2 protein chains.
Amino acid sequence: MAPKAYYSIHPKFHAAVDCIIFGFEEGELSLLLLQRDFEPAKGQWSLMGGFVEEGESLDDAARRVVAELTGLSDLYMRQVHTYGDPGRDPGERVLSTAYYALVDIKRYDHALVKAHNAHWVKLNEIPHLIFDHDRMVQDALRFMRYQATVKPVGINLLPEEFTLTQLQTLYEAILGEPIDKRNFRKRIASMDYIEKTGRIDKTLSRKGAALYRFNREKFDGNFKI
Amino acid sequence: MAPKAYYSIHPKFHAAVDCIIFGFEEGELSLLLLQRDFEPAKGQWSLMGGFVEEGESLDDAARRVVAELTGLSDLYMRQVHTYGDPGRDPGERVLSTAYYALVDIKRYDHALVKAHNAHWVKLNEIPHLIFDHDRMVQDALRFMRYQATVKPVGINLLPEEFTLTQLQTLYEAILGEPIDKRNFRKRIASMDYIEKTGRIDKTLSRKGAALYRFNREKFDGNFKI
DNA sequence: AATAGAAAGTGTAAATGCAACACTTTTCAT
DNA sequence: ATGAAAAGTGTTGCATTTACACTTTCTATT
């Protein structure tokens, strides 16, 4: 076994997680940001974060922190990067691991979000954030965009059932460019894991649009990344 | 400013870096692994790692750890992922950030590697490693393979000047599949940042092969990822 | 001096995937 | 009855990728 000194001669650090929480509304991506009514950096904007506790994995800490703010515990989340420069937190040294989360904006707990003084902010209206959170957002956005091109993670931003128009608008928001409707629908049609539910949504058009659903089993079977 | 208690009520953790060091020889990728002659886990195989010290960034710690083993301080390195499950290190709780490094196998310091009881091990001969190092290797390999498909990071595994045959063999090793010579050379010819030096290598064939070099300036100009 | 061996180097044609492009259908509110 | 608004639907050209085999050059050997 290792002698205690093997570990104890080395320093320890606070560990935190910071979460880039993406939502989708009005055809645009938004982030859930805190206007901090607490120290440190009271009054400034930041990501939702929190310290890692004893016996808690990084992934669990990120899930807990996001659930504290949104009330949602079943979100799609991915680790992005760990930021460890000395001085990145001017108070004490903290290593922070960034995670991104994808939220169906119809589902989050409005009361919790309000209690934290958090707000959905559209991507192109994001204010300057504290510490290195601006960079975290850039890194998370790039990573999420990349993932969205190789697997349908974006679907986690939509309700369980969605129309192809919603899906296309979402991908236009994620990629930041318009997509041809016919080419888009051709591509979706070739993905057997995006399947018609048979139900029709009539809230957005007179004609009504077919509702689709993501079939995780078919996807996991056909696809490995 | 933040009250001290904001930080001090939270636990601190040891922070480490573990390095997946790739090399290329005999047409195959290898990793530089330690056969540990020290505790913990003496006698077993592991990645080269080390603790993060006060005032040292994660990137700096990773560079230091790789330099301790190879003597090389100018390597291409990238952060892969941070592993923070409680119990991942059976001794004490340690958060470990994995980095991969690419080494020109002609350049490393043989004495240092020998002193650490380290060995180059071909990818398909890798023994079971301690803790979660097996998973780190899998994650690093996937990440490095992906990066190699979008930018020419593989070139960091070759000497300053290299032949097209060497480059092709390297990419075959990275991607794990054979590549057609004519198609490969057509693609390389379209990359103006891989340029002929005018020099000829005669060590590998009677006829001699043109030596090429990576032009970082041309690449950075033409290409953004 | 001839030659055999070994790696370097070179072009074309078919197939596939991707991008561009505009009109019809359906339904409901007026 | 009709106008408005969104849903839905195929084809063609272009570019990229893949498949495929022989010639050149040099030197070590005989």
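Chain letters run A, B, ... following the sequence lines, proteins first, then strands; residues in each count from 1. For clarity, every value in this text was computed on a predicted model and none was experimentally measured. Hydrogens, waters and symmetry mates are skipped; everything else that's a heavy atom, side chains included, is used.
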Roughly, in whole Å, what's the span from [atom1] in [X] to [atom2] in [N]?
{"X": "B/Ile179", "N": "D/dA19", "atom1": "CD1", "atom2": "C1'", "answer": "15 Å"}
{"X": "B/Phe184", "N": "C/dG9", "atom1": "CZ", "atom2": "P", "answer": "12 Å"}
{"X": "B/Ile200", "N": "D/dT27", "atom1": "CD1", "atom2": "C1'", "answer": "15 Å"}
{"X": "A/Gln166", "N": "D/dA6", "atom1": "CD", "atom2": "C1'", "answer": "13 Å"}
{"X": "A/Lys202", "N": "D/dA4", "atom1": "NZ", "atom2": "P", "answer": "20 Å"}
{"X": "A/Asp201", "N": "D/dG8", "atom1": "CG", "atom2": "P", "answer": "10 Å"}
{"X": "B/Asp180", "N": "C/dG9", "atom1": "CG", "atom2": "C1'", "answer": "13 Å"}
{"X": "B/Leu204", "N": "C/dG9", "atom1": "CG", "atom2": "P", "answer": "12 Å"}

Of the nucleotides [options], which one has an atom closest to the side chain of [X]?
{"X": "B/Arg185", "options": "C/dT10, C/dG11, D/dA7", "value": "C/dT10"}
{"X": "B/Ala209", "options": "C/dA8, C/dA19, D/dA7", "value": "C/dA8"}
{"X": "A/Arg182", "options": "D/dT18, D/dG8, D/dG10", "value": "D/dG10"}
{"X": "A/Ser205", "options": "C/dA7, C/dA29, D/dA6", "value": "D/dA6"}
{"X": "A/Lys207", "options": "C/dT26, D/dA21, C/dA22", "value": "C/dT26"}

Are the charged groups of B/Lys106 and B/Glu25 less than 4.0 angstrom apart, N to O?
no

Does the [X] side chain pair with the main chain of [Y], one donor and one acceptor, at a distance under 3.5 Å?
{"X": "B/Gln168", "Y": "B/Ile179", "answer": "yes"}
{"X": "B/Arg185", "Y": "B/Leu164", "answer": "no"}
{"X": "A/Ser30", "Y": "A/Gly23", "answer": "no"}

d(B/Leu167 CG, B/Tyr171 OH) to nearest 0.5 Å is 6.0 Å

Between A/Lys196 and B/Lys181, just flag the one whose closest nucleotide in DNA chain D comes earlier from the 5' side.
A/Lys196

Closer than 4.0 Å, any side-chain N/O of A/Thr165 to the OP1 or OP2 of D/dA7?
yes

Go through the N and O atoms of the side chain of A/Arg206 and the base of C/dC28, and report whether any donor-acceptor pair is under 3.5 Å.
yes

